[in-house]
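Note on naming: letters A, B, ... go to the chains in the order of the sequence lines (proteins, then strands), and numbering restarts at 1 for each one.
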There are 2 protein chains.
Amino acid sequence: MPLDAAENIYRAAIRLFGERGYPSTSMRDISSAVGVLPGSLYTHITSKQALLLQIVENGIQKYLDAVRPLATTAEPADIRLREAIKAHVKVAGDNIQLSLVTFHQWKHLDDETRRRVVGLRNTYQAYFSRIIEDGIEAGILRPMVHPSLAVLAVLGMLNWVPEWFSPSGPATADEVGDHLADVILEGLLEVRPPAAPIDDAAAAANA
Amino acid sequence: MPLDAAENIYRAAIRLFGERGYPSTSMRDISSAVGVLPGSLYTHITSKQALLLQIVENGIQKYLDAVRPLATTAEPADIRLREAIKAHVKVAGDNIQLSLVTFHQWKHLDDETRRRVVGLRNTYQAYFSRIIEDGIEAGILRPMVHPSLAVLAVLGMLNWVPEWFSPSGPATADEVGDHLADVILEGLLEVRPPAAPIDDAAAAANA
DNA sequence: CCTACCGATCGGTAGG
DNA sequence: CCTACCGATCGGTAGG
């Protein structure tokens with residue numbers, strides 16, 4: 001049961017756009033990876049741009065679908081943040097090349113479609129903003145002068161995952177997600193002085 | 001006192017490579033930004049590749065120079081990590097476009113020079129590994145199953161800074177660095193249970 | 001720094 | 001899916 005031609009083209013494009021970047025990948029590169037001559041591609045696709053758009057939108061949708069459920073559930077925000085981080089890492093681990101294209105090549109989309117994709121990226125960012133702001137309001141997360149900086153810290157950490165994650169590496173995506181959530185939630189410090197004395201008896205007992 | 005021609009070309013290339021990417025920037029784009037005809041560029045540079053290499057190596061060196069002093073000082077590792085994060089953010093904030101080219105366009109270098117640049121990137125990563133491993137050994141940072149994951153978390157967060165930092169934004173590079181160091185060192189949780197009971201009297205007093 | 005140009009390669013199409 | 005091809009653009013050079 002061979003893949004149909006359009007699917008073959010789509011997969012070759014993901015790999016090549018990811019390895020060399022969109023502008024450095026020629027339609028001739030894709031056609032020879034698929035095993036047809038360049039002109040034959042255009043029976044199955046309309047243009048190089050449309051191929052990139054299909055890839056990038058599919059990539060973003062996978063992340064949106066995975067994290068959307070965590071954005072608004074009633075669970076405690078720290079648990080939602082941990083699950084959102086794990087969901088992101090799982091999508092990244094299952095779609096490394098797709099993620100590389102999605103995160104790096106969207107800049108080469110035409111003006112109109114690029115604006116739409118930027119909108120989807122902003123929606124994704126808003127999911128994490130919502131979780132973190134909920135957590136601060138509920139007293140579960142630390143109050144911050146600029147909560148958006150925490151969002152950017154989390155997203156930067158997550159955007160970098162497809163660059164180094166390997167399915168054959170020492171940790172599964174689930175384990176990596178947990179460890180990254182530990183870094184974000186608990187920090188790297190071994191001990192942290194309590195924000196305020198818990199009660200006077202405990203303070204006296206420690207003196 | 002006008003900039004000399006080579007400096008003009010270098011600056012225009014940083015801006016254009018950062019905005020459009022290396023493969024999508026033509027020498028004709030650069031020449032018209034500088035105000036000369038395409039062929040005239042080659043009096044001052046040897047090739048498009050050499051121009052990219054000059055930019056990327058200069059970019060990496062700025063980061064190496066800024067963080068190297070923190071890699072080996074005798075100060076506590078948590079302070080060194082905070083200062084390293086702040087040093088990185090300061091370089092990023094002072095060189096946003098240079099950083100964008102350095103972080104994204106090195107993939108378009110020739111095989112040989114790309115290998116050298118990857119070596120410099122690994123050196124940079126080793127600075128952070130050293131600080132975090134020192135911290136764990138000294139009992140200042142939490143023991144971790146995979147300390148390298150913490151390094152990748154920090155570098156991912158930092159690599160993302162040039163994408164969103166603005167000198168005219170609400171926080172200076174110094175403040176952003178402190179806030180990001182807070183996220184990494186202390187985490188986002190408001191309270192954290194102690195790793196182990198401190199003493200029995202305190203536990204009893206809380207019961 | 002300009003004029004004039006080179007061979008190579010690009011995305012895409014007409015016609016079968 | 002192939003043959004054959006189009007106009008545009010590319011990095012770079014010779015000669016002045």
Item to check | Under 3.5 Å on both distances, the Watson-Crick or G-U partner of D/dT9 | outcome: C/dA8

Next on the checklist: Both A/Asp29 and B/Val36 contact DNA chain C. Taking the nearest nucleotide for each, which residue is further toward the 5' end?
Outcome noted: B/Val36

Next on the checklist: Donor-acceptor check, side chain of B/Gln105 to backbone of B/Tyr22, threshold 3.5 angstrom: yes or no?
Outcome noted: yes

Next on the checklist: Distance check needed: C/dA4 P versus B/Leu37 CG, whole Å only.
Outcome noted: 11 Å

Checklist entry - Within the pair B/Ser26 and D/dT9, is there a side-chain N or O less than 4.0 Å away from OP1 or OP2? => result no

Next on the checklist: Here's a test for you: under side chain to side chain contact (heavy atoms under 4.5 Å, CB included), which of A/Val151, A/Leu149, A/Leu155 qualifies with B/Trp164?
Outcome noted: A/Leu149

Item to check | Separation of atom CG in B/Leu41 from atom P in D/dC10, rounded to whole Å | outcome: 13 Å

Considering only nitrogen or oxygen atoms on both sides, find all protein atoms under 3.5 Å from nucleotides 12-16 of chain D and state each distance.
residue : atom : partner : partner atom : Å
D/dG12  : OP2  : B/Tyr42 : OH           : 2.7
D/dG12  : OP2  : B/Lys48 : N            : 2.9

Item to check | G-U wobble or Watson-Crick pairing nucleotide for D/dG15 (cut-off 3.5 Å, both distances) | outcome: C/dC2

Next on the checklist: Are the side chains of A/Leu188 and B/Met144 in contact, using a 4.5 Å heavy-atom criterion?
Outcome noted: yes

Checklist outcome for this item: Closest heavy-atom pair, A/Gln49 versus A/Thr113, reported as atoms and distance to 0.1 Å, is OE1-OG1, 4.5 Å

Checklist entry - Would you find a donor on one side and an acceptor on the other, under 3.5 Å apart, between the side chain of B/Ser99 and the backbone of B/Pro162? => result no

Next on the checklist: Once you apply a heavy-atom cut-off of 4.0 Å, does B/Ser24 come out as touching a base, just sugar-phosphate, or nothing?
Outcome noted: nothing

Item to check | d(NE2, B/His44; C1', D/dG11) in whole Å | outcome: 18 Å

Checklist entry - Parallel under 30°, tilted from 30 to 60°, perpendicular over 60°: which one fits the rings of B/Tyr63 and B/His88? => result tilted

